[in-house]
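Step one of this worksheet: look at the structure below.
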Amino acid sequence: MTRTDAPALRCAGVGHGYPVDGRVVRVLSGVGLTAERAAVTALTGPSGSGKSTLLRILACLERPDEGTVEVAGTEAARLPARRRRALRRAHVGYVFQDPADNLLDYLTAAEHLALGARLRGAGTDAAGARAVLDALGLGHRAAHRPRQLSGGEQQRLALAFAAAGDSALLVADEPTAQLDRSATGLVLDALRHLAGRGHAVVVATHDPQVRGVADQVIELRDGSRTEV
Ligand SMILES: Nc1ncnc2c1ncn2[C@@H]1O[C@H](COP(=O)(O)OP(=O)(O)OP(=O)(O)O)[C@@H](O)[C@H]1O
């Protein structure tokens, strides 16, 4: 059962490995964290430390070999694939690094938000969607399709799409990696705005600018948490 008083995300003892040349290479070990609604969590660490693997597990895109992952109060790691997918659709929005991977060519910005809400089973709230686009500096882009937007605008729309329908958890994997400093600043404003609306925002990043807006910084080294 999904509990609304539970943290948006809590994981404990998460371990994971990948098969390589007939043996399993362990890439995560004993990772635990909590991400509350209305807070930004930055996940940092050197290349290969396991950030993307952990994000996919937290977003219920991948099942961990060990440990628990609780999303909005529901244990996800051992759910059958179909129920895990339903949990993800109801509560999790995911933003990839490459703007081109996050949006649908044939939908306008406003249509993305309507689709996002529908996929989550929420009612269409055109005024609310409009307010989010305005707050993210995309009000004048409501009728535009992704190819008419800059990379930074696409990432802000991707965040709004991922948040549509009031997802508990917004997960973004290096969302500013392909952006310049000023576009990055606007994406960070968007992350803070969405956290302010009550989403738990979890971002993997190498970017010190992103760390600067985080309420909590979690560092991975060789697949385990280190103190920062
Ligand atoms: N599907 C896979 N099969 C085998 N090994 C994998 C797979 N996905 C990731 N790995 C390995 O797991 C380790 C962690 O990778 P991951 O992408 O999670 O790290 P990361 O911290 O996100 O790195 P980066 O900052 O470079 O994106 C790496 O050694 C990577 O090569």
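As the structure lists them, so they are numbered: ligands from 1, and atoms in each ligand from 1. Note that these values count all heavy atoms, side chains included, but never hydrogens, waters or copies made by symmetry.
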For [atom], find the nearest protein heavy atom and state the residue, atom name and distance (0.1 Å precision).
atom	result
atom 19 (O) of ligand 1	G50 N, 3.2 Å
atom 24 (P) of ligand 1	S47 OG, 3.7 Å
atom 27 (O) of ligand 1	S52 OG, 3.9 Å
atom 21 (O) of ligand 1	K51 NZ, 2.8 Å
atom 18 (O) of ligand 1	T53 OG1, 2.6 Å
atom 9 (C) of ligand 1	Y18 CE1, 3.4 Å

message: Please report whether ligand 1 has a polar contact with G48, defined as an N or O pair separated by less than 3.5 Å (distance criterion only).
response: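 Among all N and O atoms of G48, at least one is under 3.5 Å from an N or O of ligand 1.
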
- prompt: How about R37 and P7: do any of their side-chain heavy atoms sit closer than 4.5 Å?
  reply: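 No, their side chains stay 4.5 Å or more apart.
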
- prompt: Is there a side-chain contact between R85 and C60 (heavy atoms, below 4.5 Å)?
  reply: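 No - every pair of side-chain heavy atoms lies 4.5 Å or more apart.
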
State whether the side chain of [X] and the backbone N or O of [Y] hold a donor-acceptor pair below 3.5 Å, judged by distance alone.
X	Y	answer
R225	G32	yes
R145	A109	no
K51	G45	yes

In ligand 1, which numbered atoms sit nearer than 4.0 Å to a non-hydrogen atom of [X]?
X	result
H206	25 (O)
S49	19 (O), 21 (O)
E174	25 (O)
P46	21 (O)

task: Please check if a non-hydrogen protein atom sits closer than 4.0 Å to atom 30 (C) of ligand 1.
output: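 Neighbour list for atom 30 (C) of ligand 1 is empty of protein heavy atoms (cut-off 4.0 Å).
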
- prompt: Would you say atom 5 (N) of ligand 1 has a protein heavy atom nearer than 4.0 Å?
  reply: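 Yes; the ligand atom in question has protein heavy-atom contact below 4.0 Å.
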
Taking atom types as modelled, is there a side-chain donor on [X] or [Y] under 3.5 Å from an acceptor on the other?
X	Y	result
E62	H16	yes
T205	E174	no
Q154	N102	no

Over 12 foreign heavy atoms within 6.0 Å of CG, D222: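 12 or below, so no.
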
message: Can you tell me if G45 contacts ligand 1 (heavy atom of the residue under 4.0 Å from the ligand)?
response: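 No; G45 lies far enough from ligand 1 that no heavy-atom distance drops under 4.0 Å.
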
task: Report yes or no: does A204 have a heavy atom closer than 4.0 Å to ligand 1?
output: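 Flag not set, A204 not near ligand 1.
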
Ligand 1-proximal atoms of V27, by part, heavy-atom distance under 4.0 Å: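 It is the side chain that touches ligand 1; the backbone stays farther off.
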
Part of P19 within contact of ligand 1 (heavy atoms, under 4.0 Å):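 P19 to ligand 1: no contact under 4.0 Å from either part.
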
- prompt: When you check the gap from the basic side-chain N to the acidic O, do R141 and D134 get nearer than 4.0 Å?
  reply: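 Salt bridge: no.
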
message: One pair to check against salt bridge (Lys or Arg N to Asp or Glu O under 4.0 Å): R181 and D207. What are the steps and the verdict?
response: CA-CA 10 Å; R181 199 175 167 76; D207 186 339; over 6 Å; no

